[in-house]
Amino acid sequence: MPGSGWSTAADQRFNVNLSILFTELPLLERPAAAAAAGFTAVELWWPWVDSPTPEQAELDALKKAIEEAGVQLTGLNFYAGQLPGPDRGALSIPGAESDRFRANIDVAIAFGQSLGCTTFNALYGNRVDGVDPAEQDALALENLVLAARAVGRVGGTILIEALNRPESPKCPIVSAPRAIEIVDKVNEATGLGNATFLMDLYHLSMNGEDLPSVIERYAAKTGHVQIADNPGRGAPGTGSLPLEDLLDQLRKAGYDGWVGLEYKAGDRPSAESFDWLPREARAAR
């Protein structure tokens, strides 16, 4: 129930996704808002949807906002096209979008590293009408290998995320096993072992997957976890997912990484959507 507080929250490390929460505020005001709500860690989708290589002044302004808020950037998406919007990534899209993804790799890594962040989500992208899926998959593997090697040079990790079929019907990665298959292919190609699974419990539940089984099978290959309740993609307690139990299972399976809050606040201010989480459990430990 919202407001009741999670008994196991003290065992988790939460961060706030500033691309879906606090969006009622301008981007540069969101880090301070997260800090005011008691959080000390944040993550972001690529904020410049029209540019994989924004002006240095824009990068510097966001870096300053994060630093002045006193929060840690713990995760960042590579350029993924129009997200939020119709796109679901750029790296499997032949032509200009693939080029934009490649142009973004070093920019995103440098920005993340300047804030101590070395975890980067590489969203795959939709199927393109008239293009052989095998051609897209070959391009995707090539680009994921490029990204994994670049991130490897800073001791970092890339994430491969499974989305959900109802909301992303053109995305080919809509199950945990499919995402794991790509994780394994990237690691086999690079030998680095730094490609990992982004386990978004909302997306997996939308796919009808057996979440306890997914955790049991893939916790060891999971580099990041994101949560929202289902139905509705709202805060924990607004739907029917047993998120507290699932995160407890993940922790017992050895996952000790971040849990990203990637849910919609609904018709209330974002700051009011954290009543399920005791304030003392919001600061990272």
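By the 4.5 Å heavy-atom criterion applied to side chains, Val71 and Pro31 are counted as neighbours. The closest side-chain heavy-atom distance from Leu243 to Trp276 is not below 4.5 Å. Looking at Glu97 and Tyr79, their side chains come closer than 4.5 Å, going by heavy atoms from C-beta outward. Side-chain contact between Glu161 and Ile173 is absent, with no heavy-atom pair separated by less than 4.5 Å. Within the 4.5 Å cutoff, the side chain of Leu211 has heavy atoms near those of the Leu241 side chain. Taking the side chain as every heavy atom from C-beta outward, Arg233 and Ile20 approach each other to under 4.5 Å. No side-chain heavy atom of His224 sits less than 4.5 Å from a side-chain heavy atom of Asn121. Counting only heavy atoms from C-beta outward, the side chains of Arg30 and Thr23 approach each other to under 4.5 Å.
Checked for salt-bridge contact, Arg102 and Asp99 miss the test: no charged N lies under 4.0 Å from a carboxylate O. With salt bridges taken as basic N to acidic carboxylate O contacts below 4.0 Å, one links Asp137 and Arg127. For the pair Glu181 and Arg178, the salt-bridge criterion is met [side-chain N within less than 4.0 Å of a carboxylate O].
Put simply, the side chain of Thr53 never gets that close to the backbone of Asn104: no donor and acceptor are under 3.5 Å apart. At distances below 3.5 Å, at least one donor-acceptor pair connects side-chain atoms of Asp87 with backbone N or O atoms of Gln82. At least one donor-acceptor pair under 3.5 Å links the side chain of Ser240 to the backbone N or O of Asn230. Remark: side-chain polar atoms of Trp46 are paired, donor with acceptor, to backbone N or O of Ser51 under 3.5 angstrom. At least one donor-acceptor pair closer than 3.5 Å links the side chain of Tyr255 to the backbone N or O of Val225. Using modelled atom types, no side-chain atom of Arg217 and backbone atom of Ala176 make a donor-acceptor pair closer than 3.5 Å. Side chain of Arg13 to main chain of Asp256: a donor-acceptor pair is present (N/O by atom type, distance under 3.5 Å, no hydrogens or angles). Checked by atom type and distance alone, the side chain of Arg100 never pairs as donor or acceptor with a backbone atom of Ala80 at under 3.5 Å. A distance-only check finds a donor-acceptor pair linking the side chain of Gln136 to the backbone of Asn126 [under 3.5 Å]. The main-chain N or O of Ser270 is found under 3.5 Å from a side-chain atom of Glu24 such that the two form a donor-acceptor pair.
The ring of Phe39 has its center no closer than 6.0 angstrom to the ring center of Phe14.
Residues Leu76 and Cys117 share a closest heavy-atom pair of N-SG, 4.1 Å. Here the closest non-hydrogen pair linking Gly239 and Asp229 is N-OD2, 2.9 Å. Of all heavy-atom pairs spanning Ala284 and Thr40, the tightest one is N-OG1, 2.7 Å. Summarising the geometry of His203 relative to Ala162, their closest heavy-atom pair is CB-O, 3.4 Å, with the distance given to 0.1 Å. Closest approach of Ser175 and Asn207 over heavy atoms only: N-ND2, 4.1 Å. Looking at every heavy atom in both residues, Ser114 comes nearest to Glu67 through O-OE2, 4.4 Å.
Neither Leu83 nor Tyr202 shares a network with the other; the hydrophobic side chains, linked directly or stepwise wherever heavy atoms of I, L, V, M, F, W or Y lie under 4.5 Å apart, form separate groups for each. Note on Leu246: it does not cluster hydrophobically with Leu198, by side-chain heavy-atom contacts below 4.5 Å among ILVMFWY residues. Cluster annotation: Phe101 and Val49 are assigned to distinct hydrophobic clusters (Ile/Leu/Val/Met/Phe/Trp/Tyr, side-chain heavy-atom contacts under 4.5 Å, transitive). Side-chain heavy atoms closer than 4.5 Å link hydrophobic residues (I, L, V, M, F, W, Y) into clusters, and following such links, even through other members, never connects Leu159 to Ile227. Residues Met206 and Ile215 do not share a hydrophobic cluster, clusters being chains of Ile/Leu/Val/Met/Phe/Trp/Tyr side chains in contact below 4.5 Å.
For the atom pair CD1 of Ile160 and CD1 of Ile182, the computed distance is 6.5 Å after rounding to the nearest 0.5 Å. Note: Leu73 CG to Leu62 CG = 8.0 Å, rounded to the nearest 0.5 Å. We find the OG-CG distance between Ser205 and Asp200 to be 8.0 Å, quoted to the nearest 0.5 Å. Here the CG-NZ distance, from Leu141 to Lys185, works out to 7.0 Å after rounding to the nearest 0.5 Å. The CG atom of Asn194 sits 6.0 Å away from atom OG1 of Thr157, with the distance rounded to the nearest 0.5 Å. Between Leu91 atom CG and Leu146 atom CG the span is 10.5 Å, to the nearest 0.5 Å.
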Trace of the salt bridge (Lys or Arg N to Asp or Glu O under 4.0 Å) decision for Asp60 with Lys64: CA-CA 6 Å; Asp60 290 345; Lys64 182 182 177 188; over 6 Å; no
Verdict with supporting geometry, Arg268 and Asp275, salt bridge (Lys or Arg N to Asp or Glu O under 4.0 Å): CA-CA 12 Å; Arg268 55 186 168 166; Asp275 51 4; 3.7 Å; yes
side-chain contact (heavy atoms from CB on, under 4.5 Å) evaluation trace for Ile158 with Thr196: CA-CA 6 Å; Ile158 68 164; Thr196 61; over 6 Å; no
Trace of the side-chain contact (heavy atoms from CB on, under 4.5 Å) decision for Leu44 with Ser19: CA-CA 6 Å; Leu44 281 163; Ser19 299; 3.7 Å; yes
Check against side-chain contact (heavy atoms from CB on, under 4.5 Å), Lys63 and Phe111: CA-CA 8 Å; Lys63 179 175 185 281; Phe111 178 76; 3.9 Å; yes
Worked check of side-chain contact (heavy atoms from CB on, under 4.5 Å) between Gln72 and Asn15: CA-CA 9 Å; Gln72 181 184 353; Asn15 66 37; over 6 Å; no
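In this model, no donor atom of one side chain and acceptor atom of the other lie less than 3.5 Å apart for Asn143 and Tyr124. A donor-acceptor contact closer than 3.5 angstrom links the side chains of Trp45 and Glu262.
Among Asn77, Thr119, Asn17, the single residue meeting the side-chain hydrogen bond (donor to acceptor under 3.5 Å, both in side chains) criterion with Glu43 is Asn17. Residue Val174 forms a side chain to side chain contact (heavy atoms under 4.5 Å, CB included) with just one option from Arg88, Arg165, Glu167, Glu209, and that option is Arg165.
Ring orientation note: the planes of Phe120 and Phe78 are close to parallel, at an angle under 30° on the 30°/60° scale.
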